[in-house]
Amino acid sequence: MFNNLENLNPAQQQAVLHGDSPLLVLAGAGSGKTTVITYRIAQLIAQHDVWPHKILAVTFTNKAAKEMKERTLKLCANNDSQPHIGTFHSICVRILREFAQEAGLNKYFTIYDDSDRKQLLKQCLKEMNLDPQVFTPKAIGHKIDQWKNAGLEPKDVIPSAFDMVAQKAAKLYVLYQKRCLENQAVDFSDLLLIALKLLRENKDVLETLRRRWKYFLVDEYQDTNPVQYQWLRLLAGKGQTLTVVGDDDQSIYRWRGADIGNILRFEKDFAGATTIRLEQNYRSTKRILEAANTLIANNRSRKGKTLFSEGELGNPIGFRLFPSERDEGEAIGQSIALELMQHQAPEE
């Protein structure tokens, strides 16, 4: 039975052993956030007798989901059933396949990739007699994605009277969604938007999923966009236990509509929430963390944390300027190659 927390630091142990109230784990880089999520899952199963299938853990990439699943399986090796672990999009695919009829879809709907979507946008531009050199599929697709990631259906979009591209994109959005429905197809952003609409409009489906999943854990919470945030609030907003882990000092999905405000206002959104900071870093030297803390302290929108390490001081930090990104990349590559050469064992 899993009960070994001795290899966790005090803050990690506090997060793993936290009760059922909403929990925000502010985790700096290299502070063991995946460890906290997987150990918390194992703790719920082993020490609190939570059925694994009552747990839903969500992250952003297939790679991160795979790692989380493998580490969880290792900790919960003696359990016949396992928790649901996947990306936001993969979980929404499961929901839409199961409740396709309620969502207005065929159970075997097609998921368009970027190439499929670009081709359909070209067809829509042709139908509307718009020049694809002026209104490019890439630009129109990006605009439509922005609206979808903000939770806006075609009927919700009100473009500025002074923005010609937005006006045309809004009309194309209507036609594009109509053609997708005719083809029984959805694109990547639709998976989230249609799943959110389903939960909003169908109380039976919402209650079914709330009964199915009691415990929610979300990784990289700072990168959630408005659709993901609203989806999560609906599912975890009524008697469920919610744990989110994230870093308010980094966000890599701004281009996909990530809203850092989701993590900054967590305590306001979820009554009775607790915040735990993971500040011990296991990846970098003291010098690197000192420099990073000094730089990050200038961020305006942050909750505040100071990373530290019990490791070595490390080499002094160098500073170089490059004329271009390419030159910078080549210099970094050469430095890595030189470092590897210096650490290679001498030939016998």
>> How about CG on L338, more than 12 heavy atoms from neighbouring residues, nucleotides or ligands closer than 6.0 Å, or not?
In response: yes
> Of V36, I85, T38, I37, which is the lone residue that meets side chain to side chain contact (heavy atoms under 4.5 Å, CB included) with L217?
Replying inline: I37
> Parallel, tilted or perpendicular: which fits the ring planes of F88 and W231, with parallel below 30° and perpendicular above 60°?
Replying inline: perpendicular
>> For residues Y282 and V245: do they belong to one hydrophobic cluster (side chain heavy atoms under 4.5 Å, members Ile, Leu, Val, Met, Phe, Trp, Tyr)?
In response: no
> Taking the hydrophobic residues Ile, Leu, Val, Met, Phe, Trp and Tyr, and joining any pair whose side-chain heavy atoms are under 4.5 Å apart, which ones share a cluster with I336?
Replying inline: I332, L340
> So, do L313 and T285 sit near enough that their side-chain heavy atoms are less than 4.5 Å apart?
Replying inline: no
> Between the side chains of D190 and Q177, is a donor N or O closer than 3.5 angstrom to an acceptor N or O?
Replying inline: yes
>> Is it true that, when you exclude E290 itself, more than 12 heavy atoms of the residues, nucleotides or ligands shown sit nearer than 6.0 Å to its CD?
In response: no
> Cation-pi between R265 and Y229: NZ/CZ under 6.0 Å from ring centre and within 45° of the ring axis?
Replying inline: yes
>> Minimum heavy-atom separation for R277 and K303, please, with both atom names.
In response: NH2-O, 3.2 Å
> For the side chain of Q240 and the backbone of R210, is there at least one donor-acceptor N/O pair under 3.5 Å apart?
Replying inline: yes
> Please walk me through it: do D145 and R117 pass salt bridge (charged side-chain N to carboxylate O under 4.0 Å, His left out)?
Replying inline: CA-CA 11 Å; D145 269 348; R117 188 181 71 155; 2.6 Å; yes
>> For L198 and I95: C-alpha separation, side-chain torsions, deciding distance, then whether side-chain contact (heavy atoms from CB on, under 4.5 Å) applies.
In response: CA-CA 9 Å; L198 174 64; I95 292 173; 4.0 Å; yes
> With a 4.5 Å limit on heavy-atom distance, are the side chains of L172 and L130 in contact?
Replying inline: yes
>> Checking side-chain polar atoms at under 3.5 Å, does Q222 have a donor or acceptor matched by the opposite partner on E220?
In response: yes
> Same cluster or not: are V157 and V165 linked, directly or through other Ile, Leu, Val, Met, Phe, Trp or Tyr residues, by side-chain heavy atoms under 4.5 angstrom apart?
Replying inline: yes
> So with a 6.0 Å cut-off around CE of M128, is the heavy-atom count from everything else above 12?
Replying inline: yes
> W213, W51: one ILVMFWY side-chain cluster at the under-4.5 Å cut-off?
Replying inline: no
> Just by modelled atom types, is the L264 backbone N or O under 3.5 Å from a matching donor or acceptor in the R302 side chain?
Replying inline: no
>> Apply side-chain contact (heavy atoms from CB on, under 4.5 Å) to residues L96 and L191 and explain how you reach the verdict.
In response: CA-CA 8 Å; L96 293 179; L191 294 172; 4.2 Å; yes
> Is L307 isolated, or which residues cluster with it under the ILVMFWY side-chain rule of less than 4.5 Å, directly or via members?
Replying inline: L289
> If you measure from CD on E102 to OG1 on T208, what distance do you get to the nearest 0.5 Å?
Replying inline: 8.5 Å
> Is there a path of hydrophobic side-chain contacts, each under 4.5 Å between heavy atoms of I, L, V, M, F, W or Y residues, that connects I111 with I91?
Replying inline: yes
> Should F308 and N281 count as side-chain neighbours, where that means a heavy-atom distance under 4.5 Å?
Replying inline: no
>> Taking side-chain contact (heavy atoms from CB on, under 4.5 Å) as the definition, give me every residue that meets it alongside E70, ordered by chain and number, with sequence neighbours left out.
In response: K66
> What closest approach, in Å, do C92 and L192 show between heavy atoms, and which atom pair accounts for it?
Replying inline: SG-CD2, 3.6 Å
>> Counting only heavy atoms from other residues, nucleotides and ligands, does the tally under 6.0 Å from CG of N7 exceed 12?
In response: yes
>> As a test of understanding, state which of D248, D269, T224, D223 forms a side-chain hydrogen bond (donor to acceptor under 3.5 Å, both in side chains) with N262.
In response: T224
> Which heavy-atom pair separates I317 from I288 by the least distance, and what is that distance?
Replying inline: CD1-CA, 3.9 Å
> Taking all non-hydrogen atoms of both residues, which atom of G28 and which atom of S31 are closest, and how far apart?
Replying inline: O-OG, 2.6 Å
>> Would you say NZ of K33 has more than 12 non-hydrogen atoms from neighbouring residues, nucleotides or ligands within 6.0 angstrom?
In response: yes
>> Side chains of Q82 and K69, heavy atoms from C-beta outward: is any pair under 4.5 Å?
In response: no
> Passes side-chain contact (heavy atoms from CB on, under 4.5 Å), L235 versus L232? Steps please.
Replying inline: CA-CA 5 Å; L235 283 175; L232 183 64; 5.5 Å; no
> Nearest 0.5 Å, what's the NZ-NE2 distance between K54 and H84?
Replying inline: 9.5 Å
> Are any non-hydrogen side-chain atoms of Y112 and C180 less than 4.5 angstrom apart?
Replying inline: yes
>> Minimum heavy-atom separation for L152 and Y173, please, with both atom names.
In response: O-OH, 2.8 Å
> Can E67 and R71 be said to form a salt bridge (charged side-chain N to carboxylate O under 4.0 Å, His left out), step by step?
Replying inline: CA-CA 6 Å; E67 180 184 357; R71 291 170 67 170; 2.9 Å; yes
> Quick one: does NZ or CZ of R233 land under 6.0 Å from the six-membered ring centre of F270, within 45 degrees of the ring axis?
Replying inline: yes
> Is it the case that one hydrophobic cluster holds both I296 and V25, taking links as side-chain heavy atoms less than 4.5 Å apart, direct or via other members?
Replying inline: no
> Mind checking whether Y221 and F266 have parallel, tilted or perpendicular rings, split at 30° and 60°?
Replying inline: perpendicular
> Any idea which heavy atoms bring D247 and A27 closest together, and the distance?
Replying inline: CB-O, 3.2 Å
> Could you walk me through whether R326 and E330 pass the salt bridge (charged side-chain N to carboxylate O under 4.0 Å, His left out) check?
Replying inline: CA-CA 6 Å; R326 185 180 183 85; E330 290 178 349; 3.5 Å; yes
>> Contact between L181 and K178 at the side-chain level, heavy atoms closer than 4.5 Å - yes or no?
In response: no
> Taking it one step at a time, do T110 and Q184 satisfy side-chain contact (heavy atoms from CB on, under 4.5 Å)?
Replying inline: CA-CA 6 Å; T110 301; Q184 280 299 301; over 6 Å; no
>> If you apply the rule salt bridge (charged side-chain N to carboxylate O under 4.0 Å, His left out), what do you find for K286 with E310, and how did you get there?
In response: CA-CA 8 Å; K286 292 179 179 179; E310 294 181 353; over 6 Å; no
> So do I55 and K214 actually touch side chain to side chain, heavy atoms under 4.5 Å?
Replying inline: no
>> When you compare the side chain of R179 with that of Q123, does any pair of heavy atoms fall below 4.5 Å?
In response: no
> Just wondering, are more than 12 heavy atoms of other shown residues or ligands nearer than 6.0 Å to CD in E182?
Replying inline: yes
